Amino acid sequence: MKRPLIGAVALLFLAGSTGFAQEPRAFLELFTSQGCAACPAADKLVGEFAEEDDVLAVTMPVKLWDFLGWRDTLATDGATKRQMAYSVARGDMDVFTPQLVVNGKTSVIGSDRDAVAAAIDAAPAAGLPLPIDLSVAGGVLSVDVGEGKIGAAEATLWFIVVEREVSVPVGGGENRGRELTYHNVVRQMRPIGMYKGKAMSLDLPLSDLEKAPNAACFVIAQVETFKGPGRVVGAAELKKLFPARVVQSNG
């Protein structure tokens, strides 16, 4: 059923980059709500697509249905505003849950497996045009961006911190009594630089982030239009942002 940023950032820019792997074909953003009875199927489905080699996916909990008797415990103003900004940029003003946006441009019902698969298949087989590589060492995230023909003068680089899996018992609303599981839940999203057609690198200190053991991150490159967010032209994922803590025993 279809239903209707943090701390200081120090950047170091360098020229040149090599050795990029095959780029993903699709970056998926699922706009979902704990107050939507149709959303759990989409929440599960996006986790399945996230396991595919050529797909990256995040979950964006929104406040759309908070008035129905249950306030979404994961929803943020940022995700809610981003969903609305997409609808303005597309020009359709179509905002609903579960809504899934593919590569910043195609909107489909998030629980419709065939529609999601078709939107992914419509993306270029060679992958997104802008190569991005991520690595972390010594509390610093290194972002290397190659050169690619993106059809625009520039693109914004976004740093997205996610919690890989979150389970939530819902105490009210349409999903009352259910425990819902979410994948790659966005906890923070902020711009970290601009791609202007030349290969570049930047270093992002992670000292201002909570060192959650199941934290991961994405960096995407997105073309901004005068109407709002546009095409995602590059994306990369780092599945573990912080090293596991070593517990020493005295025994």
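No experiment lies behind these values; they were computed from the predicted model shown.
Criterion: ILVMFWY side-chain heavy atoms under 4.5 Å apart, direct or through other members. Under it, Phe96 and Val108 are not part of a common hydrophobic cluster. Note on Met200: it clusters hydrophobically with Leu134, by side-chain heavy-atom contacts below 4.5 Å among ILVMFWY residues. Linking Ile, Leu, Val, Met, Phe, Trp and Tyr whenever their side-chain heavy atoms come within less than 4.5 Å leaves Ile109 and Val116 in two separate clusters. Cluster annotation: Val46 is not connected to Leu56 through the hydrophobic network of ILVMFWY side chains, with a link wherever side-chain heavy atoms come within less than 4.5 Å. Taking hydrophobic clusters as Ile, Leu, Val, Met, Phe, Trp and Tyr residues chained together by side-chain heavy-atom distances below 4.5 Å, Val143 shares a cluster with Val233.
Contact detail for Ser111 and Ala38: the closest heavy-atom pair is CB-O, 4.3 Å. The nearest pair of heavy atoms linking Asp208 to Pro205 is OD1-O, 3.8 Å. Nearest heavy-atom pair, Ile220 versus Ala235, reported as atom, atom and distance to 0.1 Å: CG2-CB, 3.9 Å. Nearest heavy atom pair, residue Ala199 against residue Glu147, reads N-CG, 3.4 Å. Shown here for Phe242 and Leu206, the closest heavy-atom pair between the two residues is CE2-CB, 4.0 Å. Heavy atoms only, all atoms of each residue included: Arg190 and Leu204 are closest at NH2-CD1, 3.8 Å.
Side chains of His183 and Thr181 form a contact here, defined as non-hydrogen atoms less than 4.5 Å apart. Residues Cys217 and Leu141 have side chains in contact (heavy-atom distance under 4.5 Å, counting atoms from C-beta outward). Contact of the Leu128 side chain with the Asn103 side chain is registered, since non-hydrogen atoms from C-beta on lie closer than 4.5 Å. Annotation: side chain of Glu23 is in contact with side chain of Pro131 (closest heavy-atom distance under 4.5 Å). Contact annotation: the side chain of Val162 never approaches that of Arg187 to less than 4.5 Å [non-hydrogen atoms, C-beta and beyond]. Looking at Phe218 and Phe27, their side chains come closer than 4.5 Å, going by heavy atoms from C-beta outward. Residues Ile150 and Tyr195 form a side-chain contact, since some pair of their non-hydrogen atoms from C-beta on lies under 4.5 Å apart. Using a 4.5 Å cut-off on side-chain heavy atoms (C-beta onward), Lys240 and Arg164 make no contact.
Within the structure, every pair that satisfies the side chain to side chain donor-acceptor pair (under 3.5 Å) test and touches residues 217-226, not counting sequence neighbours, is listed here: Arg82-Gln222, Tyr86-Gln222, Trp158-Glu224.
By the ring pair (Phe, Tyr, Trp, His ring centres under 6.0 Å) test, Phe226 is found to be paired with no residue, residues two or more places apart in sequence or in another chain being considered. With sequence neighbours excluded, the residues forming a side chain to side chain donor-acceptor pair (under 3.5 Å) with Glu48 are Lys44, Arg113, listed by chain and number. Applying the side-chain contact (heavy atoms from CB on, under 4.5 Å) rule to Lys196 yields the partners Glu154, Met194; only residues at least two apart in sequence or on another chain are considered.
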| For Gln188 and Leu209, what are the C-alpha separation, side-chain angles and deciding distance, and is it a side-chain contact (heavy atoms from CB on, under 4.5 Å)? | CA-CA 10 Å; Gln188 179 186 132; Leu209 298 179; 3.3 Å; yes

| message | Set out, in order, the CA-CA distance, both residues' side-chain angles and the distance that settles side-chain contact (heavy atoms from CB on, under 4.5 Å) for Lys105 and Arg90, then state yes or no. | response | CA-CA 7 Å; Lys105 60 180 183 179; Arg90 289 192 308 269; over 6 Å; no

| message | Using the rule given for side-chain contact (heavy atoms from CB on, under 4.5 Å), can you reason through Leu238 versus Val136, listing the C-alpha separation, both sets of side-chain angles and the distance that settles it, and then say yes or no? | response | CA-CA 9 Å; Leu238 190 65; Val136 65; 3.8 Å; yes

| request: Report the C-alpha separation of Ile120 and Leu28 in whole Å, then their side-chain angles, then the decisive distance to 0.1 Å, and conclude whether the side-chain contact (heavy atoms from CB on, under 4.5 Å) test is met. | output: CA-CA 9 Å; Ile120 294 172; Leu28 313 182; 4.1 Å; yes

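For the residue pair Thr59 / Asn184, no side-chain donor-acceptor distance below 3.5 Å is found, with atom types taken as modelled. A donor-acceptor pair shorter than 3.5 Å cannot be found between the side chains of Thr97 and Ser33. Judged by distance alone, the side chains of Gln34 and Thr73 do bring a donor and an acceptor atom under 3.5 Å apart. Thr32 and Asp43 share a side-chain donor-acceptor pair at under 3.5 Å.
With Asn175 contributing its side chain and Arg178 its backbone, the two residues share no donor-acceptor pair below 3.5 Å. Between the side chain of Glu179 and the main chain of Pro169, no donor-acceptor pair closer than 3.5 Å is present.
We find that Lys63 and Asp72 are not joined by a salt bridge, their nearest charged nitrogen and carboxylate oxygen being 4.0 Å or further apart. Using a 4.0 Å cut-off between charged side-chain N and carboxylate O, Lys227 and Asp92 make no salt bridge.
Taking CD of Gln99 as the start and CG of Leu64 as the end, the distance is 9.5 Å to the nearest 0.5 Å. With rounding to the nearest 0.5 angstrom, the CG atom of Leu241 is 9.0 Å from the NZ atom of Lys211. Between atom CD of residue Glu29 and atom OG of residue Ser107 there is a gap of 11.0 Å, rounded to the nearest 0.5 Å. Rounding to the nearest 0.5 Å places CG of Asp144 at 6.0 Å from OG of Ser135.
Through direct or relayed side-chain contacts under 4.5 Å between Ile, Leu, Val, Met, Phe, Trp and Tyr, Tyr182 connects to Trp70, Leu74, Val166, Val168, Val170, Leu180, Val185. Applying the under-4.5 Å side-chain rule to Ile, Leu, Val, Met, Phe, Trp and Tyr, the cluster around Val140 consists of that residue alone.
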